[in-house]
Amino acid sequence: MGGTSQRNINLKLKVWRQKGANQQGHFEEYDAKGISTDASFLEMLDVVNQRLIKEGRDPISFDHDCREGICGSCSMVINGNPHGSERSTATCQLHMRKFNDGETVVIEPFRAKAFPVIKDLSVDRSALDQIIASGGYISVNTGNAPDANGLPVAKVDADQAFNAATCIGCGACVAACVNGSAMLFVGAKVAHLGLLPQGQPERNERVLAMMDKMQELGFGNCSNTGACAVSCPKDISFENIARMNREYAKASIKKRS
Amino acid sequence: MAILDGKVPPGPVAEKWTNHKFNMKLVNPANKRKFTLIVVGTGLAGASASATLAELGYNVKTFCIHESPRRAHSIAAQGGINAAKNYQNDGDSVHRLFYDTVKGGDFRARESNVHRLAEISPNIIDQCVAQGVPFAREYGGTLTNRSFGGAQVSRTFYARGQTGQQLLIGAYQAMMRQVHAGAVQLYTRREMLELVVVDGAARGIVVRNLSTGEVESHAADAVILATGGYGNVFYLSTNAKQSNATAVWRAHKKGAYFGNPCFTQIHPTCIPVSGDYQSKLTLMSESLRNDGRVWVPKNKDDKRSPEQIPDAERDYYLERVYPSFGNLAPRDVSSRQAKFRVDEGRGVGPSGQAVYLDFRDAIKRLGESVVSERYGNLFEMYEKITGENPYQLPMRIYPAVHYTMGGLWVDYNLMSNLPGLHVLGEANFSDHGANRLGASALMQGLADGYFVIPYTIGHYLASTALPKVTTDHDAFKAARADVDARTQRFMAIKGSRTVDDIHRELGQIMWEYVGMSRQETGLKTALEKIPKLREEFWQNIRVSGDATGTINEELEKAGRVADFLDLGELMARDALHRNESCGGHFREEYQTPDNEAQRDDEKFCYVAGWEWKGEGKPQELHKEPLTFENVKLATRSYK
């Protein structure tokens with residue numbers, strides 16, 4: 001009842017099933033029949049899961065929550081692309097009108113050394129939280145703040161910082177990267193905080209700590225393919241990585257001198 | 001029935017909090033590390049409380065159901081956060097924010113709490129800016145504001161349509177800094193399934209590890225619940241799929257009173273339902289009503305495309321009925337007006353269950369680029385979901401369940417009637433009365449977490465004898481046994497209906513009879529249908545998979561829906577007992593000749609606090625009388 005061109009389609013799904021982190025996974029095939037083109041991709045999976053449950057079978061596990069493209073829970077690779085092939089779109093915002101009747105859709109979890117599979121399409125992305133914990137913040141205790149307008153921020157800086165801050169921490173950049181690197185994620189946080197005057201006191205320590213932590217946790221390095229930015233549902237710019245490399249170099253030199 | 005004591009401090013309303021802060025006992029810095037506090041939930045309230053309490057020196061154990069604390073549902077709040085900064089020089093003040101909030105809540109909130117909230121609001125903005133929250137700014141570098149419903153000043157701070165995300169990331173980062181410092185122990189993918197009460201005080205929780213199915217016990221000196229609202233009782237709502245009432249409901253079953261459960265907010269601007277596969281509804285921020293105009297065709301069953309309907313044949317009904325607030329009438333009022341228009345047969349779109357939110361005039365006046373700068377991400381979201389371009393065609397919107405003003409009853413110190421159990425944010429009932437104003441949820445969550453609980457919990461800890469309790473205590477063993485028994489019961493049913501199937505049916509009952517407008521016979525019908533559905537649930541659901549070893553989302557959902565069934569019934573009972581209309585609670589029997597809500601201050605000027613009396617027994621009603629000494633009780637008018 002949404003768009004006037006609503007119709008129903010049938011799909012074949014090839015879905016990665018894996019019982020646990022230490023078990024072998026495999027693809028299984030399912031039919032998704034009579035799916036409304038107004039439904040979201042996750043609602044299509046809901047329909048399949050309801051049928052599996054009624055048949056007494058184990059439904060497909062996948063992470064999801066807000067279904068509005070902002071919580072960053074979605075973690076699936078659709079036909080080879082994290083979040084599917086539509087640009088600037090998280091899986092939950094992908095709608096079935098982008099698929100053709102009779103199409104085969106391959107669904108896998110985000111794959112990266114630092115993201116072990118928990119079950120089926122659910123992966124453990126707590127390494128990203130550990131990177132933030134290592135320095136992705138401004139150290140200011142509650143109650144220490146001066147008046148908010150006491151520190152003017154040029155609109156252009158505020159806007160750029162905002163663009164970087166819209167990262168939803170989904171990890172698609174890591175899944176898209178041949179090296180399993182989290183440099184777009186780290187670069188976005190370094191840019192968000194480093195562009196603001198509030199972020200200056202810890203600027204050098206921040207980039208060093210976050211990069212060291214990223215490497216320690218098994219993420220790879222950047223080889224400039226740009227796949228991360230293409231897969232990003234929030235269009236985090238690839239330039240953030242270049243900025244971070246400059247920041248890192250400067251901070252390293254400062255540390256040595 | 002007992003009279004509930006909100007423990008409101010004495011003195012003039014504007015001095016209460018200041019005096020109370022001085023009068024409360026303190027825990028000295030060296031002693032703070034001897035106390036362990038449990039925080040459940042990592043949304044705005046939980047993350048800000050965890051960070052601040054850890055900064056003060058307490059040992060904090062923080063729990064969340066998500067795989068990362070940053071995914072809590074506060075992340076999805078769009079429009080903004082109110083604060084009485086008066087940066088716009090347009091006549092705002094602490095007193096005006098206080099006044100607007102009391103009036104907006106239709107005189108069913110505690111004055112003292114609301115005043116404190118307004119007093120604290122400027123500090124929140126300061127704190128967030130210091131953390132690096134990238135609020136919208138003017139070219140001169142100062143912060144900018146926009147207007148929200150129910151206010152005639154511009155006091156809403158925002159970060160495009162992603163304010164909740166930016167505020168939550170600020171609080172999350174502050175908390176992760178404390179995780180790094182070892183002051184917060186973070187437990188992700190844990191669902192609280194029992195509150196543990198020892199000698200009458202909340203002393204711990206039992207949780208299930210959602211990745212492994214293992215059940216764990218955690219002891220503490222006090223427990224803080226910041227687990228959000230219960231809008232998902234309606235199945236379809238703007239809440240995230242995992243948002244649930246289980247933590248507060250299990251606490252209720254251990255003795256915590258439930259306050260005003262029937263006060264539900266139906267948000268006027270959401271994307272309409274498109275089909276029976278629908279899993280949730282998506283909000284379109286109230287901020288859109290700054291520039292969007294709401295209308296329906298004047299003629300019934302007008303099937304023309306909207307751009308072909310000339311202005312003379314359009315009814316801009318909010319501007320017509322509420323000339324002084326216009327499209328920025330409060331949420332409850334706007335939602336009801338949309339329902340009236342649809343009920344008259346003037347709804348639009350294929351289902352007829354929608355009204356238009358039109359940006360044609362704003363685009364003409366401001367240009368597409370300004371409109372895009374203000375609302376670009378919302379327009380994109382709308383287009384992704386509906387396949388229609390709102391720059392060319394008006395949005396189709398309809399009200400949907402969005403927020404719950406009710407929640408666990410708390411006193412002025414945010415402590416429930418159960419000593420040691422503190423409740424923050426949407427999970428408590430405290431500040432919004434019968435209707436929450438837009439951009440006030442974020443304000444309350446952060447006020448509670450950054451600036452209220454850090455003071456009031458110290459007072460509790462310093463003035464209470466808290467003998468050492470470990471998880472070996474019998475109360476923990478009993479709570480774990482209850483968790484295990486419930487799990488086994490779910491797994492053993494092996495019926496033929498899915499948990500979602502029952503949940504959807506509950507949602508239909510709730511929307512039909514306990515939704516936007518309610519009446520006695522309908523509520524009685526709901527009270528017949530819900531117990532029958534509960535029986536069906538306990539006899540005929542099917543939870544597939546294993547209870548332990550790995551993720552079992554069906555088992556998680558079964559526990560939540562079992563609680564929603566009980567809570568839904570209490571909501572209907574509360575709505576039936578409240579023989580008046582106020583805010584989001586609209587009883588058709590009680591309305592003015594022009595269809596506005598008609599309160600009954602003589603009989604219902606109180607908070608309803610419901611006490612659990614055991615399985616199968618109706619809850620007992622207790623009352624906290626409300627007095628209005630600073631904002632005169634008056635009919636709420638936005639005309």
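Just so it is clear: chains get the letters A, B, ... in the order the sequence lines come, proteins before strands, and each one is counted from 1.
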I'd like to know if A/D157 and B/R137 make a salt bridge, using a cut-off of under 4.0 Å between side-chain N and carboxylate O.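 Between B/R137 and A/D157 there is no salt bridge, as every charged N stays at least 4.0 Å from the carboxylate O atoms.
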With the threshold set at 4.0 Å, does a side-chain nitrogen-carboxylate oxygen contact exist between A/D129 and B/R71?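 No, no charged N to carboxylate O under 4.0 Å.
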Side chain, backbone, both or neither: which part of [X] has a non-hydrogen atom closer than 4.5 Å to chain B?
X      : result
A/I53  : both
A/L196 : side chain
A/V123 : backbone
A/D46  : side chain

I'd like to know whether CD of A/Q24 has more than 12 heavy-atom contacts from other residues, nucleotides or ligands below 6.0 angstrom.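 Counting other residues, nucleotides and ligands, CD of A/Q24 stays at 12 neighbours or fewer.
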Side chains of [X] and [Y]: closer than 4.5 Å at any heavy-atom pair?
X      : Y      : answer
A/E68  : B/K280 : yes
A/L42  : B/K241 : no
A/R125 : B/S68  : no

How close do [X] and [Y] get, counting heavy atoms only, and between which atoms?
X      : Y      : value
B/H66  : A/D65  : NE2-OD2, 2.5 Å
B/T550 : A/K119 : OG1-CD, 3.2 Å
A/A165 : B/I169 : O-CD1, 4.1 Å
B/G545 : A/D58  : CA-OD1, 3.7 Å
A/R97  : B/I385 : NH2-O, 2.8 Å
A/D38  : B/S274 : CB-OG, 4.1 Å

Go through the steps for A/H64 and B/E553 under the test side-chain hydrogen bond (donor to acceptor under 3.5 Å, both in side chains), then give the verdict. CA-CA 11 Å; A/H64 65 100; B/E553 212 188 345; 2.9 Å; yes
If you tally heavy-atom pairs under 4.5 Å between each of A/S40, A/A21, A/G143 and chain B, the highest tally belongs to A/G143
When A/S122, A/A145, A/A133 are compared by non-hydrogen pairs under 4.5 Å with chain B, the top option: A/A133
Is there a side chain to side chain contact (heavy atoms under 4.5 Å, CB included) between B/R177 and A/S139 once you walk through the steps? CA-CA 8 Å; B/R177 174 174 160 241; A/S139 299; 3.3 Å; yes
Does A/T166 form a side-chain hydrogen bond (donor to acceptor under 3.5 Å, both in side chains) with B/Q162? I'd like the steps, not just the answer. CA-CA 8 Å; A/T166 58; B/Q162 285 148 265; 4.9 Å; no
